[in-house]
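Below is one structure, written out as structure tokens; comments come after it.
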There are 2 protein chains.
Amino acid sequence: MDVFLETVSALNDETRIRLLAFLDTHGALCVCDLQESFGMIQSRLSRHLKILKDGGFLRVDRCGTWAYYSIRSPLDRFRSEALAEIRCLGLELPQLIKLSQNEGCSL
Amino acid sequence: MDVFLETVSALNDETRIRLLAFLDTHGALCVCDLQESFGMIQSRLSRHLKILKDGGFLRVDRCGTWAYYSIRSPLDRFRSEALAEIRCLGLELPQLIKLSQNEGCSL
DNA sequence: ATAATATATCAAGATATATTGATATTATGA
DNA sequence: TCATAATATCAATATATCTTGATATATTAT
């Protein structure tokens, strides 16, 4: 029950749905790129990304000080069905603004 | 987005998950039976059932003063995958206590 | 070592959701 | 009609979640 509720409540926020859609489109991104693209302060994004990670939707790859978040793969049936629903929403998402250009980290 | 969020937030509550599992097991039940079985006051149940109905999970059949709630059929992919997850939780549910015995209404 | 950058976490206030008790509505039966 | 029963809705309070700004930690560059 607790795990299911953690998964569901991760989906229960518009910002997090947009983040999932954005990462689904653009692949792995660091917090600072998301911060720039979404125009949100860093603490807000960091919190939402943690909730999505704990909900089983995202993975994190650390590379120096950077934390790259991406859709976890494979997703189980429920989570991938949720992602499919999100794809069908046809959300208008912000332009990707990429500040980080780490040569050292290829993701 | 709004419809998806309404669906997700309907799932985002332990009481509603238990109600879905209970109705999934026992079929159509009226509010007073759920009230008796769950030991909850009527206004609380009525509110949760409305949220589940608005979220697309339940249908209501009225019969005199009784309102019979049941799992809507067919459910779309996301909602039926959610229900499948709920079935897999193996929740311990209360005993069904059936007060109503309407001969006039066969559901 | 110091400074700058990226990220995570915490505390406080703002917003949303849940619970309760009271009231309103509708249907049934005496 | 009047009383009773089933359900829905509302107002007030309690609880949970979100947002912000500040602070802490860790890495890289000078």
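Below, chains carry the letters A, B, ... as their sequence lines are ordered, and counting in each starts from 1.
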Nearest-Å distance for atom pair [atom1]/[atom2], residues [X] and [N]:
X	N	atom1	atom2	answer
L49(A)	dA6(C)	CG	P	15 Å
F38(B)	dT19(C)	CZ	C1'	16 Å
D61(A)	dT27(D)	CG	C1'	17 Å
L34(B)	dA6(D)	CG	C1'	13 Å
M40(A)	dT7(C)	CE	P	16 Å
K50(A)	dT25(D)	NZ	C1'	16 Å
W66(A)	dA4(C)	CH2	P	16 Å
E14(B)	dT19(C)	CD	C1'	15 Å

Report task. Find which nucleotide of DNA chain C each of Q35(A) and N12(A) is nearest to by heavy atoms, and output the residue with the more 5' nucleotide. Result -> Q35(A)
Query raised in the report: Want to settle it: does I51(B) or Q42(B) sit nearer the 5' end of DNA chain C, counting the closest nucleotide to each?
Result: I51(B)
Below 4.0 angstrom from OP1 or OP2 of [N], is there any side-chain N or O of [X]?
X	N	result
R62(A)	dA8(C)	yes
Y69(A)	dA8(C)	yes
H48(B)	dT17(C)	no

Query raised in the report: Looking at the side chain of I41(B), which of dG21(C), dA8(C), dT7(D) is the nearest nucleotide?
Result: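 From the listed options, dG21(C) comes nearest.
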Query raised in the report: For the side chain of R44(B), counting heavy atoms from C-beta on, which of dT20(D), dT9(D), dT19(C) is nearest?
Result: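 Among the listed nucleotides, the one closest to the side chain of R44(B) is dT19(C).
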Report task. Would you classify R47(A) as touching base, sugar-phosphate or nothing, given that sugar-phosphate means primed atoms plus P, OP1 and OP2, and contacts are heavy atoms under 4.0 Å? Result ->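 Here R47(A) touches the bases of the nucleic acid.
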Query raised in the report: Considering heavy-atom distances to DNA chain D, does S43(A) or T65(A) have its closest nucleotide positioned more toward the 5' end?
Result: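 Taking each residue's closest nucleotide, the earlier one in sequence belongs to S43(A).
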Requested in this report: Look through every strand shown and name the nucleotide pairing with dT30(D) as Watson-Crick or G-U wobble, where both distances are under 3.5 Å.
Outcome: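 Pairing partner: dA1(C).
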Side chain proximity check, [X] to [Y], heavy atoms < 4.5 angstrom:
X	Y	result
L34(B)	M40(B)	no
F38(A)	T15(A)	no
I17(B)	V8(A)	no

Report summary line: Scanning both residues in full, the closest heavy-atom pair of S37(A) with I97(A) reads OG-N, 2.9 Å
Report task. Determine yes or no for a side-chain-to-main-chain donor-acceptor pair under 3.5 angstrom, with R16(A) supplying the side chain and S9(A) the backbone. Result -> yes
